[in-house]
Number of protein chains: 2
Amino acid sequence: MRQDVHVADVPVLCVSCEARHRGVCGALEPAQLLALAKVSHKQNMSEGTELAGDATRADTYSNVLSGVVKLTKSLSDGRQQIVGLQFAPDFLGRPFKSENEMSASAATDVSLCSFPKSAVDRMLRESPGLEHRLLEQTLKELDEARLWMVTLGRKTAPEKVASFLLLIARNSNPTAARDAAAAFDLPLTRADIADFLGLTIETVSRQLTRLRADRVIRIENNRHVTVDSLARLAARSGD
Amino acid sequence: MRQDVHVADVPVLCVSCEARHRGVCGALEPAQLLALAKVSHKQNMSEGTELAGDATRADTYSNVLSGVVKLTKSLSDGRQQIVGLQFAPDFLGRPFKSENEMSASAATDVSLCSFPKSAVDRMLRESPGLEHRLLEQTLKELDEARLWMVTLGRKTAPEKVASFLLLIARNSNPTAARDAAAAFDLPLTRADIADFLGLTIETVSRQLTRLRADRVIRIENNRHVTVDSLARLAARSGD
DNA sequence: TAGGCCACTTGATCGGCGTCAAGGACCGCC
DNA sequence: GGCGGTCCTTGACGCCGATCAAGTGGCCTA
């Protein structure tokens, strides 16, 4: 019965939403959640869709409900670097700035729950718990970014590719033991992997075939990867 | 007179402290500032001092009052990467985690104002303004980290070195015009610059002499750099 | 003044990864 | 079934930056 009352308080949109528990929405009171749900909407974007351009006005925030969003920065001559991957239930958007400094696009088919920036900014001022969640997520992203800087700056191509596979493997099953097996689909094309690792697609391809030749991984349909021993993969990741 | 009253409220330790205005302490009420000042202490550390080791217990936070602190991560075989530089009045420490995941050390002589973690954590819970400041700083650091990821992943050695010089130049005089002249001391040794850029010290040295040969910079005593036109330097930074 | 140490520079050589080019696998479309 | 397109793989080659090895200059100590 208590459950019923509880569920009755929760907006329909949010009932089965992962972000309500693990994401930033978990910090909201039922009344706030209701207010926010009224102005938010779920949307599905297909792979490749540009979600927010570089130096464009950003007037919405989003939660990632499923799929993977890539954050990229480019140099003027077209060289590109992926500076972050956002998985469910990550929060998408840069508080306290109205301009995007990077572009976000759907690396896979993605579903998002989007809110007007103004509504969230108001709640941020009223509800310290929300700001706390946002701080936690931002610190997590900062840790991840700094960890990746080591990969970009100091690892070799074979180590980079192994590190990437490990990242995806761990993300697709966070509870797996360190030395377990794993199977997952790569959420990125070879070109995206290259942009994430600071390599070319040829080098990525060569390293993947090398890992396959050495029986560390198997690949089906270019996307589906099977790893018999994550420990063997980790041994190739350099750290 | 109002000024006198105001100053009288401020702890001696904090009266002339930059962090009280631009740093996180600016979010504190006089009473909180007083309470914090009672348990904090200023300390000077000389170049090279290890401030916090990898995987050690971290039980203090600090504000950087002067000098530069480098945050580094290492791979097991000794390869090292600097993942962040902290200048005054930056906040030093990782809230909500008791273990360091990276090591911090003094890149130059440094003066710090250190607080027990517990005292700050308590204030974080009581004072939303403090958490807000911290979120702003963390977002700023995340932006910087992601910007640097492009440098690490996609720029050539000449571009990396030019980018580094620009970063230091802009930091030593944030208000300078984009095409002004600049003069500053490098806060890092060649070895540190290499670890920051993901290069070797030989390559860093070669690129610096090239910039000098091309009259983009002048160098005295290995550390003091003069730039006649920041715009010319920026033109070599790749972005 | 000699000697050692440290940070940095400079030169010669090597190899990892980028570049260029071709070819294969899979797809939808006509 | 042929055809073009996209994504990926594979091979040949060359260059940028790492590696190895001296050499220079400033500073400290004796």
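Below, chains carry the letters A, B, ... as their sequence lines are ordered, and counting in each starts from 1.
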Does B:Lys70 form a salt bridge (Lys or Arg N to Asp or Glu O under 4.0 Å) with B:Asp195? I'd like the steps, not just the answer. CA-CA 10 Å; B:Lys70 57 178 177 179; B:Asp195 282 347; over 6 Å; no
B:Ser205 near the nucleic acid: base, sugar-phosphate alone, or nothing, with a heavy-atom cut-off under 4.0 Å? base
Please step through salt bridge (Lys or Arg N to Asp or Glu O under 4.0 Å) for the pair A:Arg215 and A:Asp228, ending with a clear verdict. CA-CA 9 Å; A:Arg215 317 261 163 180; A:Asp228 285 333; over 6 Å; no
Might you list the N or O atoms of the protein lying below 3.5 Å from N or O atoms in nucleotides 12-18 of chain C, with each pair's distance?
unit_1 : atom_1 : unit_2   : atom_2 : d
C:dA12 : N6     : B:Arg206 : NH2    : 3.4
C:dC17 : OP1    : A:Ala157 : N      : 2.9
C:dG18 : OP2    : A:Thr200 : OG1    : 3.1
C:dG18 : OP2    : A:Thr203 : OG1    : 2.4

Taking C-beta and beyond as the side chain, do B:Arg190 and B:Leu208 meet within less than 4.5 Å on heavy atoms? yes
Between A:Arg154 and B:Gln80 (side chain of the first, backbone of the second, donor and acceptor by atom type, cut-off under 3.5 Å), is there such a pair? yes
Going by number, which of residues 77-87 of chain A have a non-hydrogen atom under 4.0 Å from DNA chain C? none
Tell me yes or no: between the side chains of B:Ser62 and B:Ser114, is some donor less than 3.5 Å from an acceptor? yes
Protein and nucleotides 23-25 of chain C: nitrogen or oxygen contacts under 3.5 angstrom:
none

B:Gln137 side chain to B:Phe91 main-chain N or O, any donor-acceptor pair under 3.5 Å? yes
When we call it a touch if two heavy atoms are under 4.0 Å apart, what does B:Arg223 touch: a base, just sugar-phosphate, or nothing? sugar-phosphate
Is there a donor N/O on one and an acceptor N/O on the other, under 3.5 Å, for the side chain of B:Glu202 and the base of C:dC8? no
Look at A:Asp239 together with B:Lys73 and state whether they make a salt bridge at an N to O cut-off of under 4.0 Å. no
